[in-house]
**Q** 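My structure is below; once you've seen it, I'll send some questions.
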Amino acid sequence: MRTTHIALAVLVTAVWGVNFVVIEVGLGHFPPLLFSTLRFLAAALPAIFFVGRPKVAWKWVIGVGLVLGVAKFGLLFVGMDQGMPAGLSSLVLQIQAVFTALFAAVALGERPGRVRLLGMAVALAGIAVAAVDEGTSGPLLAFTLVIAAAACWGVSNVLTRKASPPDALNFMVWVSAVPVLPLLGLSLLFEGPDADLAALRALDGTGIAVILYVAWVTTVFGFGAWGFLLRRYPASSVAPFSLLVPVFGMSSAALLLSESVSPLRWCAAALLVGGVALTSLSRAGGPTPPLPTALSTESAVAEPLPDEPVSGEPIPAASAAAGPAPVPVPVEPTPARPTPAANTPPLTPESSPTRT
């Protein structure tokens with residue numbers, strides 16, 4: 001990779017890691033479900049008017065939008081609001097790579113190899129260590145909600161692989177439009193209209209900056225830049241950079257939010273990052289070759305990576321094919337064939353020249 005592109009990859013992972021700190025700040029201004037609503041609203045508008053119509057079936061846009069936008073981010077924001085630290089959240093969410101491998105084995109028939117199974121075991125050991133650490137120092141319910149968010153992320157990765165969208169940014173913008181109304185309804189139901197109105201009335205410059213960061217910087221810029229890199233390099237070269245996300249997340253939380261990182265948490269981080277690396281970068285067996293997956297705006301190891309390139313622009317969290325996606329080439333329109341003369345017999349399938 002060129003030096004400038006390496007710097008871009010590191011910048012994107014830094015943006016995604018710091019995003020957890022920004023979410024923590026935003027939760028001080030908005031109820032969690034309302035905050036998630038505003039995040040997706042700002043990500044969808046006005047971009048939705050410039051990216052064109054969805055390039056995949058609506059069922060995939062709606063399915064990923066509900067699972068990723070409503071379930072995953074709803075659970076993440078509520079979990080962080082309930083006390084899950086920002087740095088630990090950036091780390092624990094990486095277990096989505098294990099969930100993706102498990103769900104892909106069930107839904108897509110992919111058989112995880114020995115290295116991948118080892119990676120899953122190591123990552124789960126890291127989660128167990130993190131749970132012990134959080135159980136002694138923080139609310140275990142919040143920890144469980146973030147684990148559930150990672151599981152939903154895994155489901156959305158498999159759905160996106162089935163959809164195989166050819167345009168990453170187009171897909172993400174339309175997916176961002178889906179959760180807006182469901183999240184708003186949940187916010188009104190569980191957080192109450194009074195709390196939502198109070199938060200909107202108190203909207204200040206910090207609140208606006210937070211919304212713009214999580215919507216435009218992490219989603220539009222981060223997602224677009226990552227897609228740019230995946231179109232030019234094998235994902236096996238790009239995806240390892242995403243392991244820097246929890247590094248930036250934990251370090252920025254420690255610097256900006258004064259979050260303490262215990263020795264047990266560092267141990268959990270080493271196990272989880274190592275396990276995710278083995279799970280994500282090892283080859284999967286099975287009859288179904290992996291397709292592109294969703295990249296969340298908080299991480300890019302959205303799923304285990306294959307060794308063969310696939311067509312289309314990879315998407316995630318999300319979260320990628322192990323070869324550069326071909327750049328679409330515009331197809332010249334086929335010129336109209338001249339109308340045969342009156343005495344010329346029409347061509348039959350047997351007499352028509354075969355186009356190669």
**Q** Check for a donor-acceptor pair, side chain of Trp216 on one end and backbone N or O of Ala42 on the other, with a separation under 3.5 Å.
**A** yes

**Q** Looking only at the aromatic ring of each residue, does the gap between the centers of Trp58 and Trp174 stay below 6.0 angstrom?
**A** yes

**Q** Do side-chain atoms of Tyr213 reach the backbone of Ile208 as a donor and acceptor pair under 3.5 angstrom?
**A** no

**Q** Is the ring centre of His29 less than 6.0 Å from the ring centre of Phe35?
**A** no

**Q** Do the side chains of Pro139 and Gln82 get nearer than 4.5 Å, heavy atoms only?
**A** no

**Q** Quick check: closest heavy atoms across Asp167 and Leu169, and the distance to 0.1 Å?
**A** OD1-N, 3.2 Å

**Q** Could you report the tightest heavy-atom contact between Leu33 and Gly74, atom names first, then the distance?
**A** CD2-CA, 4.1 Å

**Q** Does Leu184 offer a backbone N or O that forms a donor-acceptor pair with the side chain of Ser187 under 3.5 Å?
**A** no

**Q** Which atoms form the tightest heavy-atom contact between Val70 and Pro182, and what is the distance?
**A** CG2-CB, 3.8 Å

**Q** Once the angle between the rings of Phe77 and Phe73 is folded into 0 to 90°, is it parallel (under 30°), tilted (30 to 60°) or perpendicular (over 60°)?
**A** perpendicular

**Q** Using side-chain heavy atoms (C-beta onward) and a distance below 4.5 Å, is Val92 in contact with Met84?
**A** yes

**Q** Is the distance between the ring centroids of Phe20 and Phe248 under 6.0 Å?
**A** no

**Q** Hey, does Val67 have a side-chain heavy atom less than 4.5 Å from the side chain of Lys72?
**A** no

**Q** Do Val273 and Leu91 have side-chain heavy atoms sitting under 4.5 Å apart?
**A** yes

**Q** So which atom in Thr218 and which in Arg39 form the shortest heavy-atom distance, rounded to 0.1 Å?
**A** OG1-NH2, 4.2 Å

